[in-house]
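Since the model is a prediction, treat every value here as computed from it, not as a measurement. So that the names make sense, note that chain A is the first sequence line, chain B the second, and so on, each numbered from 1.
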Amino acid sequence: MQHKVFIYNTLTRKKEEFIPIHPGHLGLYVCGPTVYGEAHLGHARPAVTFDLLTRYFEHLGYKVRYVRNITDVGHLADEVAGEGEDKIARKARLEQVEPMEIVHRYTESYHDNMRALNVKSPSIEPRATGHIIEQQQMIREILSQGFAYEVNGSVYFDVFKYNEKYPYGKLSGRKLEELYENTRTLDGQSEKRNSADFALWKKAAPEHIMRWPSEWSDGFPGWHMECSAMSTRYLGKTFDIHGGGMDLVFPHHEAEIAQSTAAHGHDAARYWMHNNMITINGQKMGKSLGNFITLNELFTGSHSLLEKAYSPMTIRFFILMAHYRGTVDFSNEALLAAEKGLDRLMKGMEATQKIIASAKSTVDVAALHHKCYQALNDDLNSPVLLAQLFEAVKITNSLLAGNETIDAKGLELLRKLYHDFVVDILGLLPEAQSGAAKSDLSGQLIELLLNLRIEAKNNKDWATADSIRNQLTQMGVVIKDTKDGFEWELK
RNA sequence: GGUCUCGUGGCCGAGUGGCUAGGCAUCGGUCUGCAAAACCGGGUACAGCGGUUCGAAUCCGCUCGAGACCUCCA
């Protein structure tokens, strides 16, 4: 494959040509969800973004190992003083169930949502609780290098010590001195030497259920540890791309870089990719603000801000309509536009089946094909790709209308273009028809009525013909007359 | 307060020095018994002010506005 793919590297703040460590292979790590609640629209963004990335690289012939974790321990609800309660444990306590019940429930829900969005399952989906040993081992390495210290059974990363040797803040563009000045410090309430330090291992309080033995204490790992430990385990000490939401740049990814560098002497990921946020009324959609809409609510329309239900494919298309590094503002209008646009695209793709090749072409599909690759090679520019695909739709419809002609080779390429880019790469699938299928009794009844309407039309009995059409339309049957009959579908 | 990002037509959303992005909506036309779909065509843009330039939405400065991160958040 001769494609040069450029991706924006947060580390350098530039688009860089992607060069794999091992030719033909891509090692990708993406931060997955903390499973203590239902997935919302914001969770769909990185999932779809990095799904697009893996699908594209696979299309280009790469063998991709995609690791996306499930965080099921160690994510503290309040890390101001490093004394917060674990999010999973907190939810379990509030609901009086086992933490693992919480984890199981929301992991299942997350998987269901991802399947609905046609997000491919990653190659490996490791869990923090399944890698306590690896995390402890890495903590030992960091301790042995002198970049961490133990206090009362907890282990903290010594950011100041680290910063003497390595630049802390290189990913987020922060200076440690500024961080120190700007961080709210609660004197005397923290075991940490400095407010910028973060927990690698936390000693569990007596009532804390989630705990594992270690030489420091019965406790649990700090949030940032899992990604460093698990990416190392499955992708090695150096791998190609690390991805996640922009809100994770600081402190999570900065901490990961520090941990890996402290333990191994170098950074783990070569390219850092970050998707931007989904906003609602111009504000970030997030758990803490409580302004989120869950994916299940979107699929069913059960949220006060939703005018109707939106299908998973509409949501996927909506996300792909914007470039991943820009914010996307939620609105019914935008979602509705996405729904219609998707419909137009899918109809265009289906329509290629009805086209008959001519001896010569008046359209240049090859040029369009090339532009599709160009769009993706330029930092996964899905909106530009979609613009090209709508050009394909225009060509398709013009062919159908007889305004243009295409030869057999061109037609084959046109069909391949749709299949490769719409289905394989963008992951957009035709929506399953709800309700009556053409073979159902109701479908047969609809066709019976429409055939009666044809008879009425032939007799120029417009009143009867229109009456049948209007009533069927009211019932949600969309009717299109064609030269030699009719087409119909359920709305 | 610090660091950073962004402000494009009715809505969404690309572009980043000169050549129509695209979608949705809207208007006119073709087709159709009428409609729908489709096709053809039209209109309304680059927050404001100043500067650089032969030429700026695109570069620079200022002003206004919005947002992100600095605590957990995809």
Rounding to an integer number of Å, can you tell me how far [X] [atom1] sits from [N] [atom2]?
X	N	atom1	atom2	value
A:His43	B:A74	NE2	C1'	5 Å
A:Lys371	B:G15	NZ	P	16 Å
A:Lys480	B:U32	NZ	P	18 Å
A:Leu380	B:A14	CG	P	13 Å
A:Glu254	B:C69	CD	C1'	12 Å
A:Ile355	B:A38	CD1	P	14 Å
A:Phe318	B:C11	CZ	C1'	12 Å
A:Leu41	B:C12	CG	P	16 Å

Practice problem: Compute whether any side-chain donor of one residue and acceptor of the other, for A:Arg127 and A:Thr129, lie under 3.5 angstrom apart. | Solution: no
Practice problem: For A:His252 and for A:Val393, locate the closest nucleotide of RNA chain B by heavy-atom distance; then report the residue assigned to the nucleotide nearer the 5' terminus. | Solution: A:Val393
Quiz prompt | Residue whose nearest RNA chain B nucleotide is more 5′ - A:Ile395 or A:Asp329 | solution = A:Asp329
Counter-base of [N], judged by Watson-Crick or G-U geometry with both distances under 3.5 Å:
N	value
B:C11	B:G23
B:A66	B:U5
B:G50	B:C60
B:C39	B:G29

Below 4.0 angstrom from OP1 or OP2 of [N], is there any side-chain N or O of [X]?
X	N	result
A:Arg344	B:A25	no
A:Lys175	B:U3	no
A:Asn381	B:A21	no
A:Lys347	B:A37	no
A:Asn403	B:C39	no

Among [options], the nucleotide that comes nearest once only the side chain of [X] is considered:
X	options	answer
A:Asn397	B:A74, B:A38, B:C40	B:A38
A:Arg174	B:G2, B:A74, B:C11	B:G2
A:Pro251	B:G13, B:A74, B:U71	B:U71
A:Ala401	B:C40, B:G22, B:A38	B:A38
A:Asp247	B:C40, B:C24, B:C69	B:C69
A:Lys394	B:C39, B:A74, B:C69	B:C39
A:Ala387	B:C70, B:G22, B:C39	B:G22

What does [X] touch in the nucleic acid at a heavy-atom separation under 4.0 angstrom: a base, only the sugar-phosphate, or nothing?
X	result
A:Met246	nothing
A:Leu400	nothing
A:Lys340	sugar-phosphate
A:Val478	nothing
A:Gln283	sugar-phosphate
A:Thr473	nothing
A:Gly341	sugar-phosphate
A:His274	nothing

Self-check item: Check: A:Tyr29 ring centre within less than 6.0 Å of A:Tyr234 ring centre
Solution: no
Quiz item: Do the two ring centres, one from A:Tyr324 and one from A:His274, sit under 6.0 Å apart?
Solution: no
Using the [atom1] atom as the reference point in each nucleotide, state the distance between [N] and [M] in Å, no decimals.
N	M	atom1	result
B:G13	B:C6	P	15 Å
B:U58	B:G2	C1'	29 Å
B:U32	B:G7	P	47 Å
B:G23	B:C59	C1'	30 Å
B:G17	B:A66	C1'	27 Å
B:G22	B:A45	C1'	15 Å
B:A36	B:U16	P	39 Å
B:G15	B:G67	P	23 Å

Quiz prompt | Side chain to side chain, A:Val328 and A:Asn276, heavy atoms closer than 4.5 Å | solution = no
Quiz prompt | Exam field: side chain A:Asp267 to backbone A:Ile257, donor-acceptor pair closer than 3.5 Å | solution = no
Quiz item: With distance as the sole test, does A:Arg45 use its side chain to make a donor-acceptor pair with the main-chain N or O of A:Ile319 at under 3.5 Å?
Solution: no
Exercise. Check whether the aromatic ring of A:Phe390 stacks on the base of B:G23, taking stacking as ring centres less than 5.5 Å apart and planes within 30° of each other.
Key: no
Quiz item: Quick one: does A:Arg469 reach the base of B:A35 with a side-chain donor-acceptor pair under 3.5 Å?
Solution: yes
Self-check item: Identified salt bridge (charged side-chain N to carboxylate O under 4.0 Å, His left out) partner of A:Asp379 from the options A:Lys14, A:Lys4, A:Arg325
Solution: A:Arg325
Exercise. For atom CD1 of A:Ile356, decide whether the heavy atoms of other residues, nucleotides or ligands shown that lie under 6.0 angstrom number more than 12.
Key: no
Practice problem: Verify ring pair (Phe, Tyr, Trp, His ring centres under 6.0 Å) between A:His224 and A:Phe157, making sure each step is shown before the conclusion. | Solution: CA-CA 11 Å; A:His224 311 304; A:Phe157 192 91; 9.7 Å; no
